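Beneath this line is the structure, given in structure tokens, with notes to follow.
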Amino acid sequence: MKPAPFTLHRPSDVAEAAQLLTRFADDEVRILAGGQSLVPMMAFRLARPGHLIDINGLGELAQITQSDGAIEIGALVRHNDIASAEIEGATGALLKKVMPNIAHHPIRARGTICGSLAHADPSSEWCLSAATLDAVLLARSATGKREIAARDWFTGAMSTSLQADELLTGVRLPVLPEGTRFGFQEFSRRKGDFAICAALVVFEIHYGVIEEARIGIGGAEDHPRRIAEGEAVLKGQRPSAELFARAGAAVAAALDPMEDHSTKAAYRRDLACDLVEGALQEAAR
Amino acid sequence: MNHRPQPIIGQSLTRLEDPPLVRGKGRFAADVNFPHQLHMRVVRSPVAHGRLRGVNVEAALQLKGVVAVWTAQDVADLSPIDYREGRIEKLEPYRQPVLARDFVRYVGEPVAVVFAVDAYVAEDGADLVELDIETLQPITDAEQAVGEFAPGLSTEAAIVTQGFGDVEGAFASAHAVVSLDLQVGRHSGVPLETRGAIGRYDAARDVLELHGAAKVPHKNRESLARMLGRTTTTLHLYEYHVGGGFGIRGEIYPEDILVLVAALRLERPVKWIEDRREHMMCANQSRHQRHYVSAAVDREGRLLAIKNEFFHDQGAYPRTHALRIAETTCGILPGPYHVGAYSALGHYRLTNKTPCATYRAPGRYETNFVRERLLDAIAHKLGISRVDVRRVNLIKKEEMPYERPLSVLEDDVSYDSGDYEGLLDKSLQAIGWDELQASLKERRANGEIVGAGLALFIEKSGLGPTDGAHVNVDTNGVVEVITGGASVGQGFETVIGQVCADILGADYRKVRVVHGQTDRIEFGIGAHASRATVMTANAVAAAAAKVRAKALDMASELLQTPAADLEIEKGVIFRRDAPSGPTITLGAVANALRPMAKTRGPREPGLCSDGWFDSEHQVYPYGNQLAVVKIDPRSGAVTVERYLIAYDVGRAINPMLVRGQILGGFAQGLGGALYEEFLYDDNGEPLSVTFADYLMPTMAEVPPVEVLLCEDAPSPRNPLGIKGAGESGIAPVGAAIASAVEDALQSYGVVRQLPLTPQRIKAILDGFKS
Amino acid sequence: MSKIAVSFTLNGRKVEVEVEPRRTLADVIRDDCGLTGTHTGCEHGVCGACTIIVNGQTVRSCLMFGAQAEGAEIRTVESLSAGDTLHPLQEAFVQHHGLQCGFCTPGFLMLACGTLEANPQMDEEEMRDILSSNLCRCTGYENILKAVKDGAERMRGEP
């Protein structure tokens, strides 16, 4: 389990990183940020990049910036950075709630949020958060910048619309108004394992009824997404146990869960139903 | 007032092993390096079953840094890997070749090896070896139709049977019959240190060396010498620190032989360190059995007869243990209970999966599950309590030694001592069984899915027949104990050190324990089947007693005091009735016994002696495990809320270490009960080859465990009264948790398969709804 | 494959090595620097046996390349004791039988050391959460938790 040979590049700025991507686009070039997903794949030789571009020296990408109702998280912000970051609105609290569910402490010390988004594991908590909050992913190439909506970002399991010559420089999240309710629940076999299914729900309550409802499901399908059928159940309704159960059922019915040798689709569907219900109850508390 | 030394046996002393280990100064296999060494990388079969048509090594040989590449042709002169206990004629044709020839039979089977100057380059070279394999239909289930291993050889390599009494008669006249279909999943030891082997040939001394040995270095030396055509005096094995053994490490695998042969032929040291993926495909797996078991009982639930037919999924080859686990499965199943008549018939079947062999409590983890499931089912069928059905069947204290016409490890079953019912009462009281039932009932009424379960078991330990040791005191008073035992992390040095210090009167901190070095002692029993403490400690006790006698004899002359009036404590000899009077140290006595010393007189030189211990039968420790579990209705996940382990170890040399063995074993048992399973797809492709797929419990999954350690029934079969402890924590965990889960579900005969994964339990819960 | 010159501080000492970019930091520490106390149990970032402290953060050294250590302050298990004096965590592991085979021990010690230095007042729940990062196959964890609890008190200078 020793990685195959590669050439290491250490660009001094983002522009140089983008140029290197263009230059080696045909030779399995990969960006090395936290390395917590890429390096294991290289150890198994499932990934054999000819060139690695180590962006860890690009301090400009290690920032969290906030302006105009949006939060921008740079490509070098590590999972654990969220714990101490001051992030506006309910978004900050939501990210702080989600973060500890990601793997384990030493992995979070090095792994990056954008790395998770680029890796696009169906179970990733950050991918689920991005999909649920309609994040915008910020890509940069030698020829320009591109903004990609989360719903256009995920193209399948471990697959995104990022082009081979593009670098994901950051992700932009909306600042959720103070008072926004959210709930997050996931089920994994052991603590820190990839979730078999996860649910993130967000809503506001205006005059006693639910508005701006978002229900995201991760781990069940090949990529996380918002489930409009579940959100529709909530819209304009007063929160109740019965309503949340109906929303869970609507989400489950709308899913087309993955099935593999160890996990049945029906199991994921049932979990989604219960996790949505649980997350909604948690949000309403 | 006579001074009596503090006993050292029985004290929870901190370990002799720890200082280097906590400093990062241990020496594990990967830490062993020799100048000019080569690194070996194994090219493995990517398919579960196929005809090997060709291996192209040209591209690999061209790679800079690659020194040699071997295929089966290069080692055609080597015999397949022998069974540890020698020749077994019927199984001879099933032995695994060192490198696959003609056929590959599991994913991961070694097909070629690359030797290179660096581990990275060796892996690059292995990637370049091209295999031409014609894929054949694999057998992935031990119950599917038997196939052909080779022309004229069935994949049912053997049928094992044991039994006694009139089983059919008992069934015909029984009050009731209970039948179950039970499965135990494939899991294994998976030590944190992967395997490793470093071969080195010292031409100056004509000695071939294997570094990184474990478990049974002396036994393995005999096998390897036989296979390589060498004498045992020119082949030596060296065990250093071992990162967990659990039965799977230290058996002879293809790689051990390859590094030795390569060291000889390439005339350079050859190092092989297994990677984790290889470990999950190639190191011995275990446990995979399916049992069709029935019991005939009378009105009170007495076991008139048990009839068991089982399928043992052995994987691709028999490996070094041959039929051992299947045989043990037959011999130990009845456990602590009277059984009127018994028959066991096991189908030992080869499948196209990783081969299986022993994992901590082999044959017991499985049969404890089977037998205790059966007792729960009987209790339910007859409407009696789960405790009462066990109580009515338990073998009584007065019946000891209790013999049964079965055998375990080719040793006739004879339980040496024990008060099974007494321990059951103690553990029920410790956990508050009756109050527990009431509180669980109340919680269930409130909608929780909670339950309690229990499992009773006997262990076996200390299979002999014989072990020896040598104790030597140097002129500084440092005591060297040379054993043929092995340390797999269990605290062997500490336990041996305590026994030696206690018997001899030495300073425990001044005892150095040698193990696993075949060039230091001619024979050795190693560390397997919980026998190290029983066998080696008793041999050390015998040697230490002789050294003590010799020391007292010499000191008596030097101190001008009758030996009978002398005492030794912490390496100092003194008059028992005058501890503050004249003294002499063991070091000074050793000095007086040097060959040149005039003081020695007619005595043999040296303050040293050999000691031996012979055992006629194994010893049988016993215990109970009680579990309280809660099930999450959404996911089916089981949480263990409480767990109690009661165990009678006969006599604990170091109670802290015994507890450590119990807690560690429990965590592994919990893995097999709830989390761990080696899965394969229909093509025989292994699906659990990473630590993200094979789920071992972390601290978050392991609940606190209450341990009730008892010494009520010392073994009459050895002077120290010891029974083993290594496998007690793990052996009945699957059984106890299954019992608790079924109680939680309040439905009977539904918990039939380990591990109890959330999906399996969810399927049971869903079954209730429909 | 061309090698890269890398210099970093290892347990307080300046180290300069020339390594292939693909060599993991774990292998560089073990093979190129000769400190074999850092163990590799899985090489894919799950078991935690290779946990070390890099610039104050506890990380898996099998998931970093040696070339990425340029300029870093690295601490491994060998840095904990000073001569015969053990670190409070080492003492506690010995005292509470927090190790059996000892293979996972350096990883647990560095995980506990790094996180306790950052958060000396960690409560038991936080400890359980952090320590569930690493695998042990011998102890069943109970004594590791005891040792870390006791070690934390000793680190804080409490009796």
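Each chain gets a letter, A, B and so on, in the order its sequence line appears, and its residues count up from 1. Everything numeric here is computed off the predicted structure, so don't read it as measured data.
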Fill in: Backbone of B:Tyr680 reached by a side-chain donor or acceptor of A:His261 within 3.5 Å
yes
Region of [X] that comes under 4.5 Å of a non-hydrogen atom in chain A:
X	answer
B:Arg41	side chain
B:Asp693	neither
B:Gln759	both
B:Leu695	both

Quick check: are there more than 12 heavy atoms from other residues, nucleotides or ligands sitting under 6.0 Å from [atom1] of [X]?
X	atom1	result
B:Asn446	CG	yes
A:Arg30	CZ	no
B:Arg277	CZ	no
A:Asp260	CG	yes

Response to the item:
Assert top hit (heavy-atom pairs under 4.5 Å, partner chain A, pool B:Ala637, B:Pro697, B:Ala700, B:Ser635) equals B:Ser635
Response to the item:
If you tally heavy-atom pairs under 4.5 Å between each of B:Val689, B:Leu687, B:Thr698 and chain A, the highest tally belongs to B:Leu687
Practice prompt. For chain B, find its close neighbours in residues 187-202 of chain A: heavy-atom separation under 4.5 Å, sorted by number, or none.
Written response: A:Phe187, A:Arg189, A:Arg190, A:Lys191, A:Asp193
Worksheet item: Under 4.5 Å between any side-chain heavy atoms of B:Pro758 and A:Tyr267, yes or no?
Response: yes
Practice prompt. May I ask you to test the A:Gln185-B:Arg634 pair for a side-chain heavy-atom distance under 4.5 Å?
Written response: yes
Report which part of [X] has an atom under 4.5 Å of a heavy atom belonging to chain B: side chain, backbone, both, or neither.
X	result
A:Arg48	side chain
A:Ala43	backbone
A:Pro3	both

Worksheet entry | Salt bridge flag under 4.0 Å for residues A:Arg45 and B:Glu123 | yes
Item to complete: Could you pull out the closest heavy-atom pair between B:Asp124 and A:Ala4, with the gap in Å?
Response: OD1-CA, 4.4 Å
